[in-house]
S.K.: 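Dropping a structure here in C-alpha cells format, bear with me for questions.
Residue indices begin at 1 and follow the sequence shown.
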Amino acid sequence: PVAAQSVSDIFQSGSSNAATVNQSGANTSEIDQTGTGAVAGVTQAGTNNDSNITQTGGGTVTVDQSGITGSISNVTTLADD
C-alpha cells in the first residue's frame, strides 16, 4: 500500500505567531515565520519526512520525526534586518 501524502505550507508575519503541524504518511512541511516570539512545532510519522522551517526575528522550533527512512529537517534562524 502507498502511504498518504501530507503537504503543509505556513507563512506568518508579525509577533508571537504559533504554527503546529501534525502529519502521518509521506510528509512535506514548510513553515516561514517573520517577527519576534514565533513558535513552530512539527510532528511527522511515516516515510520520507521533509521539514523546512525558517524564522526571522527569533523564536522556538521543535521537530519530531519518526518513520522508516528518509527523514530530513532543515531549520534556519535569522536576525531581524
S.K.: Find out if a path of hydrophobic residues (ILVMFWY) with successive side-chain heavy-atom gaps under 4.5 Å connects Val75 to Val21.
M.R.: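 Both belong to a single hydrophobic cluster.
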S.K.: Is Val63 reachable from Val39 through a run of I, L, V, M, F, W or Y residues, each pair having side-chain heavy atoms under 4.5 Å apart?
M.R.: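 No; Val63 is not reachable from Val39 via cluster members.
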S.K.: Quick one, Asp64 and Val42 - any side-chain contact, counting heavy atoms below 4.5 Å?
M.R.: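 No, every pair of side-chain atoms sits at 4.5 Å or beyond.
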S.K.: If you round to the nearest 0.5 Å, how far is OG of Ser66 from CG of Asn49?
M.R.: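 Rounded to the nearest 0.5 Å, the CG-OG separation comes to 7.0 Å.
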S.K.: Donor-acceptor pair, distance only, cut-off 3.5 Å: does the side chain of Gln65 make one with the backbone of Ile72?
M.R.: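 At least one qualifying donor-acceptor pair exists.
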S.K.: Can you name the nearest heavy-atom pair linking Ser6 to Ser24, along with the distance?
M.R.: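 Scanning both residues completely, I find the closest heavy atoms to be OG-O, 3.4 Å.
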S.K.: Under 3.5 Å, which donor-acceptor pairs link side chains of residues 12-19 to any protein atom two or more places apart or in another chain?
M.R.:
residue, atom, partner, partner atom, Å
Gln12, OE1, Gln33, NE2, 2.8
Gln12, NE2, Ala18, O, 3.2
Asn17, ND2, Gly14, O, 3.4

S.K.: Checking side-chain contact (heavy atoms from CB on, under 4.5 Å) against Thr54, which of Thr76, Val61, Thr77 comes through?
M.R.: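 Passing option: Thr76.
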S.K.: Please report the interatomic distance CG(Asp50) to CG(Asn74), rounded to the nearest 0.5 Å.
M.R.: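 Taking CG in Asp50 and CG in Asn74, the distance rounds to 7.0 Å.
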S.K.: Kindly compute the distance separating OG (Ser71) from CD (Gln44), expressed to the nearest 0.5 Å.
M.R.: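 That separation rounds to 7.0 Å.
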S.K.: What distance do Glu30 atom CD and Ser51 atom OG have between them, rounded to the nearest 0.5 Å?
M.R.: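 Reported to 0.5 Å precision, the distance equals 9.5 Å.
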S.K.: Starting at CD1 of Ile31, measure out to OG of Ser8 and round the result to the nearest 0.5 Å.
M.R.: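 So the CD1 of Ile31 and the OG of Ser8 are separated by 6.5 Å.
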S.K.: Considering non-hydrogen atoms only, spot the tightest contact between Ala40 and Ile53 and give its length.
M.R.: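 Closest pair (atom of Ala40, atom of Ile53, distance): CB-CG2, 4.1 Å.
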S.K.: Could you check whether any side-chain N or O of Gln55 sits under 3.5 Å from a backbone N or O of Leu78, counting only pairs where one atom can act as donor and the other as acceptor?
M.R.: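 Such a contact is absent between Gln55 side chain and Leu78 backbone.
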S.K.: Going from CG on Asp32 to OG1 on Thr56, what distance comes out if it is rounded to the nearest 0.5 angstrom?
M.R.: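 Separation between the atoms: 8.0 Å.
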